[in-house]
Amino acid sequence: MKRLLIFILPILIIVAIGFTVFGIMQIRFTEEKLMDDLRRKAKSVAEGVEFSAKAIIINNDLRYANRMVESFQRRERLQGCVIYDKEGKVLAITERFSDWEHTEKPYIQDVLTNKISRGAMKIFKDYSLYTYIIPVTDDENNILGIVEVIYDTSYVFTTMADLWKRLSIILISLLVLIVLIMLLIQRQIFILPVIRLTEWFQHFQQGETENAHPIKGKDELGKLASEVEQVALNLRIARKVVTEKAAERLQKEELWTEAKLRDLIHARLGENALIVVSNREPYMHVIDDITGQPKCIRPASGVVTAIDPILRACGGTWVAHGSGNADSKFVNSKDKLGVPPGDNRYILKRVWLTKEEEEGYYYGFANEGLWPLCHITHTRPMFRESDWQMYKKVNQKFADSVLTELPSRNPFVFIQDYHFMLLAGMVKEKRPDAKIALFWHIPWPNPEVFSTCPYQKQILEGMLACDLIGFHVQSHCNNFLETANKLLESRIDTEKFSVVRSGKETLVKAFPISVDCDITGNITKVESEQIDKIRGEFELEGKIVALGVDRIDYTKGLIERMLAVDRFIEKNPQYKNKFVFIQLAAPSRTHIKHYHDLMNEIDELVEKKNWKYSQGRWRPIVYLKRHFSPEEIKPFYALADICIVSSLHDGMNLVAKEYVASKNSLNGVLILSRFTGAARELIDAVQINPYAIEEFSDAIKLAVEMPAEEKKKRMKSMRKIVSENNVYRWAGNIITELTALEKA
């Protein structure tokens, strides 16, 4: 629009100024012509009246005089006539101008004295009048009297106003016509070629790299299109070479690494980009409370921990809710940006939600409804119709955003978690060729529990639009298959572990999620300094350090953990002043009352237990309630002798695997709830029932007093499992399943 104004506005201004000048000249010419005609007419009439007036004055025939002046009363325009004697007194006057004789007329005496005719403009009762005065003389040129003819000039100004109106209409019509012509010219010469080139770019962006560009001209636009076409050709050849080499390397490598996953993506997906969808964004921009400046942070999220290394490895687009209060300042016109900051590996596309949408979809239906429904923590789910409607609306908004990013052929969409159970169906409605996988990061309940959800059918139908649904463990897969079997008309294929409904088959498989085992590596000099700083700040030197890393959520067992630490010290007083438990706690979903109350309860419990054992400067519990980035958590993992994961119910829990991955020295012990998915793999952890506080406290003592060789043996075994079944293998297995479906 700005360029269009720059293009058209100067032309419009020039035309408007030129036409206005012409209009003014035309108006003046017309006005002068009309006034000149009026003067001639008045003079002619006055001269005609003069002969009659001469006889009237000589004969003093006032009756005829009145009859003559009244003849002007019947004329179409406001006209009149006045006959004066030689003294300047009125002898006869047209009735409509009866008050005329009372007005000041200094020119009367001038005409009587000089015996010269004259015309003049005069205002009478808000009328603009033209009067023409002619002296009446005898044969010896002696003055007998005066005749004055009066004409209304308002018709002249009415004519001028009408002329101005017509000229204005012509000017506006001319300007509109010029704008339309210029728009048509601009569209034909500029816009249409750019639109065709843009459409070609879009197809190229979506993978249609073999189509020739539509710009055939030899102008600068045609040259640009030709250059881009050459880039497309080179890129197509390069991608083919990369795909072939990736397939070769894939056959040679055994351990799953970032490079092997990248090769798998190139070999199996080729030019098709991977589209990941989640509610939580991997990087968010927020305003720092202290400095007031925007900064980029990594949210506390298992989804982010798992998916970020995958997209770093293979590229693609991550579609997520832009929830940071400074997010909008860092995106381009398409709401996209490259991430990670400073080392762009993939594209983050942010979807904007209103406060009402976020309240209903995220805090309402997702986290007050689905979250407690799927976790066995004895928290009642809340289902509100308004939240459900907002959930559907937001799923459609994400679907629309995803559809604009899909390549033209064989797109692959990887949906994360319970926030988008309807998304697959919405995408498939427009792009039935899309291959879609949904990974469910939380537990799936049994059919009896799930049937309490009033929207069970719509949810299951939305999920079964996927080609593949993944869970952490087989028991969750079994629960889902049983749920679909009981609540929908469907057929369960127990050999393939799939659900067949209306001719559409959906595979349901277990893919235990993991972490990048190399995310920590060896401790650097900077990290060693950070560890020393933490030891000094919290006076940890010579003490046994246990660690918890969690979002503040009622499923994480934080209350039970604090009670177990309290019971451990109570039963083993010899560890007073020798044992410290550090809890890193990221506030979460604080808008929900249950979470707000939980934070207050934990605050009070920590204060109570620390007061109970107050002894000098020693505090058994160090409670750090804020967001911690992965880089900040890393030194805590390194110095912790024990890591406690006491979730009451958890799909997997990646904190357990992160801790194991960080322990290159093999000197740590993992205390792990048996109600986590991780407990199925990490069987060498000290497994607990977090509800059994006595058992829990004894497990802490077992971890504290475990011999060094036993620790190393257990940790070595767990590290082998995490290393072999890392996040790259997890992603590789899912992509392999999806591409196998494409071939089938």
By side-chain contact (heavy atoms from CB on, under 4.5 Å) - contacts of Glu681 (at least two apart): Pro512, Met652, Lys657, Ile721, Asn725
Closest heavy-atom pair and its distance - Arg551, Lys556: O-CG, 3.6 Å
Minimum-distance pair of heavy atoms, taken over all atoms of Lys504 and Cys466: NZ-O, 2.7 Å
pair Trp440-Cys374: side-chain heavy atoms closer than 4.5 Å: yes
Taking every non-hydrogen atom, the tightest pair across Ala424 and Ile436: O-CD1, 3.8 Å
Nearest heavy atoms of Ala434 and Val427, plus distance in Å: CB-CG1, 4.4 Å
Residue pair Lys349 / Thr404, side-chain donor-acceptor N/O under 3.5 Å: yes
side-chain hydrogen bond (donor to acceptor under 3.5 Å, both in side chains) assessment of Gln583 paired with Asp550: CA-CA 8 Å; Gln583 176 65 55; Asp550 303 90; 3.1 Å; yes
Within 6.0 angstrom of Arg380 CZ, more than 12 heavy atoms from elsewhere: no
Residue pairs, two or more places apart or on separate chains, that pass side-chain hydrogen bond (donor to acceptor under 3.5 Å, both in side chains) and touch residues 469-481: Gln474-Asn478
Heavy-atom pair of closest approach, residues Ala640 and Tyr659: O-OH, 2.9 Å
Other residues, nucleotides, ligands: >12 heavy atoms within 6.0 Å of Lys397 NZ: yes
Closest approach of Arg674 to Ala679 (non-hydrogen atoms, all atoms of both residues): CA-CB, 3.8 Å
Heavy-atom neighbours of Lys457 NZ exceed 12 at 6.0 Å: no
Criterion side-chain hydrogen bond (donor to acceptor under 3.5 Å, both in side chains) on Glu560 and Ser646, from CA distance to verdict: CA-CA 8 Å; Glu560 290 75 11; Ser646 58; over 6 Å; no
Residues, nucleotides or ligands: over 12 heavy atoms within 6.0 Å of Glu429 CD: no
Greater than 12 external heavy atoms within 6.0 Å of Glu448's CD: yes
Intermediate values then yes/no, side-chain hydrogen bond (donor to acceptor under 3.5 Å, both in side chains), Tyr391 and Glu357: CA-CA 8 Å; Tyr391 184 87; Glu357 288 172 338; over 6 Å; no
Distance-only side-chain donor-acceptor flag, His441 / Gln416, under 3.5 Å: yes
Cation-aromatic face contact Arg561/Phe581, 6.0 Å, 45 degrees: no
Leu547 vs Ile644 side-chain heavy atoms within contact, under 4.5 Å: no
Candidate pair Tyr361 and Asn279, rule side-chain hydrogen bond (donor to acceptor under 3.5 Å, both in side chains), full reasoning: CA-CA 10 Å; Tyr361 140 80; Asn279 175 74; 2.8 Å; yes
Asp343 and Arg345 ion-paired at < 4.0 Å: yes
Six-ring centre of Trp371, Arg589 cation under 6.0 angstrom, axis tolerance 45°: yes
Verdict with reasoning, Asp566 to Lys609, per salt bridge (Lys or Arg N to Asp or Glu O under 4.0 Å): CA-CA 7 Å; Asp566 169 45; Lys609 297 307 178 185; 3.0 Å; yes
Ring geometry between Tyr595 and Tyr554 (parallel below 30°, tilted from 30 to 60°, perpendicular above 60°): tilted
Other residues, nucleotides, ligands: >12 heavy atoms within 6.0 Å of Leu563 CG: yes
Ser328: partners by side-chain contact (heavy atoms from CB on, under 4.5 Å), with sequence neighbours left out: Trp352
